[in-house]
Amino acid sequence: MEETYGERLQKVLARAGIGSRRVCDELIEEGRVTVNGEIARLGQRVDVESDRISVDSVPVGVLPGLVHYLVNKPAGVVVTASDPEGRPTILDLVPPDPRVFSVGRLDFATEGLIILTNDGELSQLLTHPSHGVEKEYLAQVRGEVTPSAIRALREGVEIEPGVTTQPAKVANVGDNVLKIVIHEGKNRQVRRMCEAVSLQVTRLVRTRIGSISDSQLAPGSFRHLTQDEVRTLSEVAVRTTSRLLGR
Ligand code: URA
């Protein structure tokens with residue numbers, strides 16, 4: 001009964017933006033496509049609802065109806081589905097249908113890029129601590145930005161008893177603004193890192209998630225991620241995991 005099962009894999013891959021049907025056939029022939037962990041066959045049919053499809057070990061989002069929004073969050077918006085205090089929520093900034101959720105969080109006062117999606121697989125890839133996708137922030141700080149503070153932030157600082165941050169990329173970009181790149185997502189991490197070296201964050205903006213940045217996206221607005229961006233994000237997450245696990 002295989003002929004009536006699902007859809008042809010090559011068609012599903014092409015619809016997901018992997019390439020033309022011919023290119024997708026070549027990928028399958030080269031053994032670069034797996035279905036549920038097994039190398040796919042040419043002409044194979046798949047069920048997009050239940051089969052897990054990967055190209056070069058990177059999961060491919062094949063469900064029709066998946067949306068991925070990149071939102072530029074303004075300060076004063078809470079990242080939650082509903083707020084008991086009635087404050088504006090991040091969901092007010094995107095269409096109500098289909099229902100989406102945020103990938104990670106930003107504080108009420110933090111501005112900048114956040115991804116909203118109904119793609120559970122991508123969300124899990126990006127938020128799992130071992131995947132370590134880079135997040136870049138610009139932090140306006142009050143206090144004296146000394147070389148030793150920068151060094152400490154780079155090496156890792158204790159943000160609560162027994163909890164030290166992983167090494168970070170930190171640059172003083174002038175005017176008491178630090179560019180900080182981290183791949184963890186501890187609660188209020190950047191603010192607490194700065195507090196640990198006696199700096200108070202007065203404004204915090206997330207400017208990049210993995211390879212995704214967009215200086216043209218106005219505060220309060222959103223755009224769809226391109227299929228290339230979604231794929232690159234998944235690739236980065238998968239590669240980082242492999243590196244961290246020594247595979
Ligand atoms: N670090 C913080 O302190 N706050 C955020 O919103 C994000 C990272």
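Predicted, not measured: the structure shown is a model, and the values here were computed from it. In each ligand, atom 1 is the first atom listed, and ligand 1 is the first ligand listed.
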Under 4.0 Å between heavy atoms, the region of Val201 that gets near ligand 1 turns out to be neither
Tested for side chain to side chain contact (heavy atoms under 4.5 Å, CB included) against Gln10, the lone hit among Val33, Leu42, Asp25 is Asp25
State whether a side-chain donor-acceptor pair under 3.5 Å links Asp47 with Ser50.
yes
From Leu70 atom CG to Phe222 atom CZ, the distance as rounded to the nearest 0.5 Å
10.5 Å
Does NZ or CZ of Arg223 fall inside the cone over Tyr69's six-membered ring, less than 6.0 Å from its centre and within 45° of the axis?
no
The atoms of ligand 1 lying under 4.0 Å from a heavy atom of Leu106, numbered in the order shown, are 6 (O), 7 (C)
Sub-4.0 Å atoms of ligand 1 with respect to non-hydrogen atoms of Tyr137
7 (C), 8 (C)
Checking side-chain hydrogen bond (donor to acceptor under 3.5 Å, both in side chains) between Thr110 and each of Arg206, Arg203, Arg191, which is the one that passes?
Arg191
For ligand 1, which atoms have a heavy atom of Thr110 less than 4.0 angstrom away?
4 (N), 5 (C), 6 (O)
Which ligand 1 atoms, with their elements, are less than 4.0 angstrom from a heavy-atom of Leu204?
1 (N), 2 (C), 3 (O), 4 (N), 5 (C)
Ligand 1 to Val190 polar contact by distance, N or O atoms, under 3.5 Å
yes
Side chains of Glu184 and Gln189: is there a donor and an acceptor less than 3.5 Å apart?
yes
Would you say Asp107 has any N or O atom under 3.5 Å from an N or O of ligand 1, going by distance alone?
yes
Only heavy atoms of Gln189, strictly under 4.0 Å: list the atoms of ligand 1 that pass.
1 (N), 2 (C), 3 (O)
